[in-house]
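Structure first, then comments.
Here is the naming used below: chain letters follow the sequence lines, and residue numbers restart at 1 for every chain.
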Number of protein chains: 2
Amino acid sequence: MSKKRSDCPISCSLEIWGDKWSLLIIRDLMLKKECTYGEFLKADEKIATNILATRLQNLLDNGIIDKKDHPDNKLKILYFLTQKGIDLIPVIVEINLWGDQYLTIPDDRKKLLEEIKKDKEAFIKRAKAYLSSKK
Amino acid sequence: MSKKRSDCPISCSLEIWGDKWSLLIIRDLMLKKECTYGEFLKADEKIATNILATRLQNLLDNGIIDKKDHPDNKLKILYFLTQKGIDLIPVIVEINLWGDQYLTIPDDRKKLLEEIKKDKEAFIKRAKAYLSSKK
DNA sequence: CTGTATCCTTAGGGATACTG
DNA sequence: CAGTATCCCTAAGGATACAG
């Protein structure tokens with residue numbers, strides 16, 4: 001994505017997925033496990049198609065996501081998280097928990113947050129298992 | 001910082017501190033507890049002074065950091081994390097742990113990472129207590 | 001030392017049309 | 001449906017000078 005500024009793991013991580021869109025793509029894949037191009041476009045934040053294409057390519061290049069043909073419809077392509085992407089779930093979870101303290105949480109996310117708050121480690125373990133499973 | 005794209009806590013969080021520099025400022029304040037303007041400028045990533053000024057202002061506006069006069073030298077100003085900023089430590093910690101799996105960690109950070117990996121919750125608790133303490 | 005100000009360049013992004 | 005391509009604009013960023 002951008003050139004290397006330092007050896008700091010925070011800085012290097014941000015250079016891979018630290019823009020305003022990549023983590024939203026990862027969020028979609030965490031919530032829905034598999035997404036088509038069109039499903040990303042339909043997300044609330046309304047990403048532009050050219051931006052989406054560059055971000056998906058960057059995440060593919062960095063091994064965070066992968067893609068495959070849709071089992072039923074060969075015209076559709078499904079994006080999904082690799083293990084490297086799945087391992088970003090704890091980051092997403094912690095951002096959610098911070099947001100729970102300092103932002104207004106929409107109703108359709110409250111259930112998820114309750115689950116996370118009840119037992120964070122168990123939630124992450126379950127989510128990782130779910131996202132790693134085939135089908 | 002930018003206009004609101006959606007109600008998603010991830011999206012809203014990113015709009016506050018999801019640029020390429022804010023988390024590095026927060027990282028510096030987590031590692032050193034208090035920093036002067038000049039100390040931020042000296043960080044490896046070499047942030048430009050105009051960018052630094054806008055980011056500090058944004059973090060001040062959003063209540064993530066605060067500032068005060070240096071106790072010894074009234075010409076110096078010290079920036080530090082508020083509780084809202086301190087509560088971002090788990091996010092930083094998880095990014096570090098992800099980086100530990102997938103990036104090359106420089107020697108001067110390995111000790112910190114060992115501490116985190118030994119007992120994450122204890123590390124966070126200690127860090128929060130340290131950053132909350134006066135002096 | 002802590003910022004502002006300015007200039008200039010580049011990257012990110014919105015809108016929309018279009019192709020296999 | 002899954003992208004490419006184009007145009008155009010704005011925000012982000014680097015360099016540097018300078019002011020209180």
> Quantified as the angle between the terminal helix axes (five pairs each), what is the overall bend of the helix from C/dC1-D/dG20 to C/dG20-D/dC1 to 10 degrees?
Replying inline: 40°
> Tell me: CD of B/Glu39 to P of C/dC1, nearest whole Å?
Replying inline: 10 Å
> Could you state the CG-P distance from B/Leu41 to D/dT16, rounded to the nearest angstrom?
Replying inline: 15 Å
>> Check the phosphate of C/dG13 against A/Trp21, side-chain N and O only, distance under 4.0 Å to OP1 or OP2. Yes or no?
In response: yes
>> What is the separation between atom CG on A/Asp69 and atom P on D/dG3, rounded to the nearest whole Å?
In response: 10 Å
> Taking for each residue the nucleotide of DNA chain D bearing the nearest heavy atom, is the 5' side occupied by A/Gln57 or by A/Lys76?
Replying inline: A/Lys76
> Any cation-pi pair here, A/Lys33 with A/Phe80, using under 6.0 Å and within 45°?
Replying inline: no
> What closest approach, in Å, do B/Leu14 and A/Lys20 show between heavy atoms, and which atom pair accounts for it?
Replying inline: O-NZ, 3.3 Å
> Looking at D/dG13, C/dG13, C/dT2, which one has an atom nearest to any side-chain atom of A/Lys20?
Replying inline: C/dG13
> Is the phosphate of D/dA12, meaning OP1 or OP2, less than 4.0 Å from a side-chain N or O of B/Arg55?
Replying inline: no
>> Tell me whether B/Arg55 forms a cation-pi arrangement with B/Trp17, defined as NZ or CZ under 6.0 Å from the six-membered ring centre and within 45 degrees of its axis.
In response: no
> In whole angstrom, what separates A/Asn73's CG from D/dG3's C1'?
Replying inline: 15 Å
> Looking at A/Lys46 and A/Lys42, what are the two nearest heavy atoms and their distance?
Replying inline: NZ-O, 3.3 Å
>> Could you measure the distance from the CD atom of A/Glu39 to the CG atom of A/Leu78? Nearest 0.5 Å is fine.
In response: 7.5 Å
>> So if I define the base as every atom that isn't primed, P, OP1 or OP2, how would nucleotides 15-20 of chain C read as a B/S/- string at a heavy-atom cutoff under 4.0 Å?
In response: BB----
>> Closest approach to the side chain of A/Tyr37, judged atom by atom: which nucleotide of D/dG3, C/dG13, C/dG3 is it?
In response: D/dG3
> Quick one: ring-ring contact (aromatic ring centres under 6.0 Å, His included) pairs with a partner in residues 100-129 of chain B, sequence neighbours left out?
Replying inline: B/Trp98-B/Tyr102
> If we ignore angles and hydrogens, is there a donor and acceptor under 3.5 Å between the side chains of B/Asn62 and B/Asn58?
Replying inline: yes
> Given D/dC1, is OP1 or OP2 found less than 4.0 Å from the side-chain N or O atoms of A/Tyr79?
Replying inline: no
> Rounded to whole angstrom units, what separation is found between the CG atom of A/Leu78 and the P atom of D/dC1?
Replying inline: 14 Å
>> At less than 4.0 Å, is any side-chain N or O atom of B/Thr36 found next to OP1 or OP2 of C/dT2? Yes or no.
In response: yes
> B/Asn58 CG to D/dA11 C1': how many Å, rounded?
Replying inline: 14 Å
> What nucleic acid atoms does A/Phe40 come within less than 4.0 Å of, heavy atoms only: base, sugar-phosphate, or nothing?
Replying inline: nothing
> So, does B/Ser11 use its side chain to make a donor-acceptor pair with the main chain of B/Cys8 at under 3.5 Å?
Replying inline: no
> Name the one of A/Leu29, A/Leu24, A/Ile25 that satisfies side-chain contact (heavy atoms from CB on, under 4.5 Å) with A/Arg27?
Replying inline: A/Leu24
> What is the distance, rounded to the nearest whole Å, between atom CD of A/Glu15 and atom P of D/dG13?
Replying inline: 12 Å
> A/Ala48 and A/Leu41: which non-hydrogen atoms are nearest, and at how many Å?
Replying inline: C-CD2, 4.3 Å
> Of B/Ile51 and A/Lys67, whose nearest nucleotide on DNA chain D comes first from the 5' end?
Replying inline: A/Lys67
> To the nearest Å, how far apart are A/Leu14 CG and D/dA12 C1'?
Replying inline: 15 Å
